[in-house]
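Quick notes on the structure that follows.
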Amino acid sequence: MNNVFVYIEISEHNKVADVSLELLTKGRQLATQLGVQLECICIGSGLDGIENQLMPYGVDCVHVFDDPRLFPYTTLPHASAVINLFKETQPQICLMGATVIGRDLGPRVSSALHSGLTADCTQLEIDDFDMKVKQGDEFITRHYDNQLMQIRPAFGGSIVATIVNPEHRPQMATVRDGVMKKEIFDAGYKGRVVRHNAEDYIDSTAFVVRVLDRHVEAARHNLKGANIVVAGGYGVGSKEGFDLLFQLAHELHAEVGASRAAVDAGWIDHDRQIGQTGVTVRPKVYIACGISGAIQHIAGMKDAGIIISINNDPDAPINQIADYNICGTIEEVLPKMIKYYKQ
Amino acid sequence: MKIIVLAKQVPDTHNVGPEAMTPEGTVNRSALPTVFNPEDLNALEQAIRLKEQHPGSTITMLTMGLPKAVEVLKEGVFRGADDGVLLTDRALGGADTLATSYSLAQAIRKIGEYDIIMCGRQAIDGDTAQVGPQVAEKLGLPQITYTEEILSCDGQTIVCRRHIDGGVETVEAPLPALITVNGSAAPCRTRNVKRVMANKHREFTTWGVADIDADASQIGKTGSPTNVKAVKSIIFKAKETRTLTASDADISALIKELKENNTI
C-alpha cells in the first residue's frame with residue numbers, strides 16, 4: 001500500500017531502458033522521502049534475471065509478468081496487468097517514461113483508475129498542498145500533506161506549470177528520456193521478486209491487437225549523452241551547410257543536433273531534433289549555429305554548461321541565454337574554429 | 001464505414017512571434033492566434049484517404065471548445081469531412097485530459113455508430129498525447145497510437161504502420177478502434193474550392209452538457225483529478241554574455257580559452 005511504482009520498459013534482448021533506470025533513481029528518492037517502498041513492474045517475455053538490472057537502483061519489490069504473448073508491447077495486455085496490479089497494491093505514485101510506450105500506456109491506465117496523469121514532467125518533488133474548494137457558498141482550504149508536485153512545461157514551453165492530484169491515486173507522471181539522472185543506489189541492494197501469473201491479471205480477450213512486423217535500429221548517435229553538441233538551425237541554410245557542422249563535431253568528438261526548423265526543412269534527420277518535442281540535452285558545451293532560439297528549442301538545451309551562439313543576427317533570442325555570441329555566418333566562423341582547434 | 005475525427009482548436013504555440021511577447025519577456029497566451037491542431041489535420045487526411053478507398057463512407061468531425069471552435073469543423077468540411085458536431089458548454093471549462101476524454105466519449109456515444117475514431121497524437125497547447133488513449137479506454141476500444149499510415153482496412157480490421165522509439169511497427173487491430181496519427185504522417189490536403197463554395201454558410205450541430213447525458217461529477221474542473229498549483233511564465237532574461245566577432249583574433253582567443261580550461 002502507498003508505495004512508489006515505476007513501470008519498467010524492456011527492449012530487445014531484455015535490456016532495461018535507460019529512462020526506466022532514471023525513473024527508479026528518482027523513485028528511490030521520493031520513496032525514501034515519503035518513508036515508503038519502491039516497487040517496479042516488468043512485463044515481457046523470458047525475463048529471468050531481469051531483477052539484477054534493477055535492484056542496484058534500490059528497488060524493494062520487482063513484480064514480474066512473464067509470458068511469450070507480452071513481447072513486443074501491445075497496449076491492452078500491459079494496461080490490464082498494470083491496472084489490476086494497482087487495484088491490488090494501491091500505489092500512491094506511478095512513474096513511466098514519456099516514451100512511445102509510456103505515452104500509449106499511461107493515459108489508458110489513468111483513465112481506467114480515474115487518476116490524474118501529468119505528461120512530460122521535468123521535475124518531481126514532494127510538498128504540501130492547500131486547495132481552495134467551494135463548500136456551499138463559501139470557499140474553504142483543504143490541506144494535503146506530502147503530495148507529488150509534477151512540474152512540466154506547457155504552452156509550447158512558454159510557461160512551467162506545477163500539477164497536483166490530491167484526491168486521486170496513484171499520482172501518475174511521465175518523464176522523458178534523459179531528463180532525470182540515473183544513479184546506482186547500492187550495488188548490493190536486495191529486494192523481493194514477485195512472479196505473477198499473467199493469466200490472473202490479463203484476460204485472453206486483451207490480445208486482440210497483433211504486431212505483424214517490427215523494425216528497431218540501434219541509435220545512430222549519442223546526442224543525449226554527448227559532452228559537446230554542435231547544433232544547427234534554419235540559419236545553416238542547406239543540407240550541405242550541415243557538413244560543416246559534422247566536420248567541427250568530428251574534431252571536437254561532439255554530436256550534431258538540430259532545431260525543429262532545420263529538421264522540418266529536411267536538412268537533417270528527425271532523430272537529431274533538440275527541444276521540447278525532441279531530445280533533451282545537457283552537454284558541457286552547446287554550440288548553436290544559426291539557431292534563432294524558439295522557446296521550444298531552448299527548453300531542450302538550456303541546461304548546457306556553456307552556450308556559444310553563432311548567428312549573424314545579433315538580436316536572435318538565443319543570444320540572450322548564450323555565454324558567447326559570435327556575430328557571423330556559419331561559413332565564416334566554423335572553418336576558423338576547426339583551424340584553431342587543430343593548432 | 002463511419003469515421004469520426006476528433007479535432008481541437010489550439011493557440012498557435014509553435015509560432016510565438018514578437019507580437020505575443022510581453023515587455024517582461026513572457027508569452028501573452030491570449031495574443032496567440034488559434035489554429036487547427038496540426039496533428040488532427042494529419043488524422044483528417046488519413047480519414048479522407050480511407051473514405052476515398054471505401055466509397056459511401058462518412059467522416060464526422062467532433063470538437064470540444066469555445067463556440068469559436070466551430071471554425072475547425074468548417075475547415076474540416078472544406079477539406080473533405082462530411083459533417084461536424086461542436087460540443088460547447090461553460091460547464092466543460094477547466095477540464096483536464098481525463099474530463100475532456102469523458103466528455104468526448106459521451107458525445108461519441110450520442111453520435112452512435114462508428115467503425116473508426118481518429119485524432120492527432122497530441123495537441124500543441126498541452127503536448128500530452130493523453131486524450132486519444134483515454135477516449136479509447138472510456139469506450140472500451142483497442143487503440144493504435146503514433147500512426148504514420150493506414151496500410152489497409154477491410155471493414156473488419158485495420159492495419160497501420162506506426163512510429164515506435166527507434167523504429168517502426170506494423171500492427172493490426174479489430175474494428176471498431178481508435179487511431180491517433182503522428183505528425184510524420186502525410187500532410188492534409190488543402191481546401192477544395194467546390195467544397196468551400198458549397199459549405200461557406202454551413203451550420204453545425206451544437207451540443208451542450210445536457211445533450212450528451214454526462215455525469216456532472218466527471219466533467220469540467222470538478223471531473224478533473226489534476227489541479228494546477230502554480231503557473232510560472234518563462235522569462236527570457238539576458239545573462240552575462242560576451243560578444244565576439246568572426247575575426248581570426250576573436251575565434252582563436254575563444255578556442256584557446258576553452259582548451260585551456262579543459263572545456264573542449
Side-chain angles (χ1 to χ4, degrees), chain A residues 75-76 99-100 103-104 107-108 110-112 114-120 129 131 149 154-168 208-217 219 228 252 284-285 295 306 317 319-328 332-333 336-337 340-341, chain B residues 11 13-14 16 26-27 29 96-98 101 124-130 133-134 136-138 142-146 159 163-174 184 225-234 236-239 241-246 248 250-252 254-255 263-264:
Chain A
T75 314
L76 299 177
T99 56
V100 169
R103 295 171 112 236
D104 184 85
R108 193 94 199 181
S110 87
S111 176
H114 196 77
S115 69
L117 167 63
T118 307
D120 296 358
F129 177 56
M131 184 165 69
M149 302 292 123
F155 261 81
S158 62
I159 60 170
V160 174
T162 304
I163 313 286
V164 195
N165 333 330
E167 298 194 320
H168 299 269
V208 288
V209 173
R210 292 194 304 147
V211 176
L212 306 178
D213 190 26
R214 202 159 174 272
H215 291 282
V216 181
E217 284 175 21
I228 304 175
L252 299 176
K284 263 164 64 188
V285 184
I295 45 181
I306 291 177
N319 287 357
Q320 300 205 354
I321 64 155
D323 300 271
Y324 298 92
N325 296 330
I326 306 178
C327 196
E332 214 178 347
V333 177
K336 288 183 185 172
M337 289 178 84
Y340 291 112
Y341 182 76
Chain B
T13 59
H14 277 180
V16 180
T26 62
V27 174
R29 284 175 273 159
D96 70 1
T97 64
L98 201 58
S101 305
I124 57 171
D125 53 347
D127 289 324
T128 71
Q130 285 167 200
Q134 288 176 337
E137 196 282 331
K138 296 276 175 251
Q143 68 194 42
I144 300 178
T145 54
Y146 288 81
V159 178
H163 162 82
I164 56 174
D165 285 319
V168 289
E169 198 174 68
T170 306
V171 289
E172 181 194 76
S184 53
T226 59
N227 290 270
V228 179
K229 184 194 178 200
V231 171
K232 209 171 72 193
S233 286
I234 303 287
F236 297 95
K237 58 169 180 254
K239 61 177 177 183
T241 304
R242 275 171 55 191
T243 302
L244 311 175
T245 67
D248 282 86
D250 276 9
I251 291 174
S252 66
L254 170 68
I255 296 287
T263 308
I264 57 173

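Computed from heavy atoms alone, side chains included, the values below leave out hydrogens, waters and symmetry copies. Note that the structure is predicted; figures quoted are calculated from it, not measured. Per chain, numbering begins at 1; letters A, B, ... match sequence-line order.
Residues B/A246 and A/G328 approach most closely at CB-CA, 4.2 Å, considering heavy atoms. In plain terms, the two heavy atoms of A/P107 and B/A129 that are nearest each other are CG-O, 4.0 Å.
Between the B/T170 side chain and the A/L212 main chain, no donor and acceptor come within less than 3.5 Å of each other. The backbone N or O of A/H168 sits nowhere less than 3.5 Å from a side-chain atom of A/H114 that would complete a donor-acceptor pair.
Only the side chain of A/L252 comes within contact range of chain B, judged by heavy atoms closer than 4.5 Å. Of the atoms belonging to B/D96, not a single heavy atom falls under 4.5 Å from chain A. Using a 4.5 Å cut-off between heavy atoms, A/L117 touches chain B through backbone and side chain atoms alike. Proximity to chain B (any heavy atom under 4.5 Å) is shown, for A/E167, by neither the backbone nor the side chain. Proximity to chain A involves both the backbone and the side chain of B/I164, based on heavy atoms less than 4.5 angstrom apart. For A/F129, the part sitting under 4.5 Å from any heavy atom of chain B is the side chain, from C-beta outward, and nothing else. Proximity to chain A (any heavy atom under 4.5 Å) is restricted, for B/I255, to the side chain, taken from C-beta onward. The contact between A/V285 and chain B is made entirely by side chain atoms (from C-beta outward), counting heavy-atom distances below 4.5 Å. When heavy atoms are compared at a cutoff of 4.5 Å, A/I326 approaches chain B by way of both its backbone and its side chain.
By number of non-hydrogen pairs under 4.5 angstrom with chain A, the leading residue of B/S101, B/S184, B/P11, B/P174 is B/P174. Options A/N165, A/V160, A/V209, A/T118 differ in how many heavy-atom pairs under 4.5 Å they form with chain B, and the most are formed by A/V160. Of all the listed residues (B/Q143, B/H163, B/K232, B/K138), the one sharing the greatest number of non-hydrogen pairs under 4.5 Å with chain A is B/Q143. The candidate with the highest count of non-hydrogen atom pairs below 4.5 Å against chain B, out of A/V164, A/I228, A/V208, A/V333, is A/V164. Among A/R103, A/M337, A/E332, A/E217, the residue with the largest count of heavy-atom pairs under 4.5 Å with chain B is A/R103. For the options A/P317, A/P166, A/A112, heavy-atom pairs under 4.5 Å to chain B are most numerous at A/A112. Interface check for chain A: of the options B/D250, B/D248, B/L254, the most heavy-atom pairs under 4.5 Å are formed by B/D248.
Using a 4.0 Å cut-off between charged side-chain N and carboxylate O, A/R210 and B/E172 make a salt bridge.
Looking only at side-chain heavy atoms (C-beta outward), A/I306 and A/K284 stay at 4.5 Å or farther from each other. Side-chain contact between B/T241 and A/Q320 is absent, with no heavy-atom pair separated by less than 4.5 Å. Taking 4.5 Å as the limit, some side-chain heavy atom of A/R108 sits within range of a side-chain heavy atom of A/L76.
Under 3.5 Å, the side chains of A/T75 and A/D104 contain a donor-acceptor pair of N or O atoms. Checked by atom type, the side-chain pair B/Q130/A/S110 shows no donor-acceptor distance below 3.5 Å.
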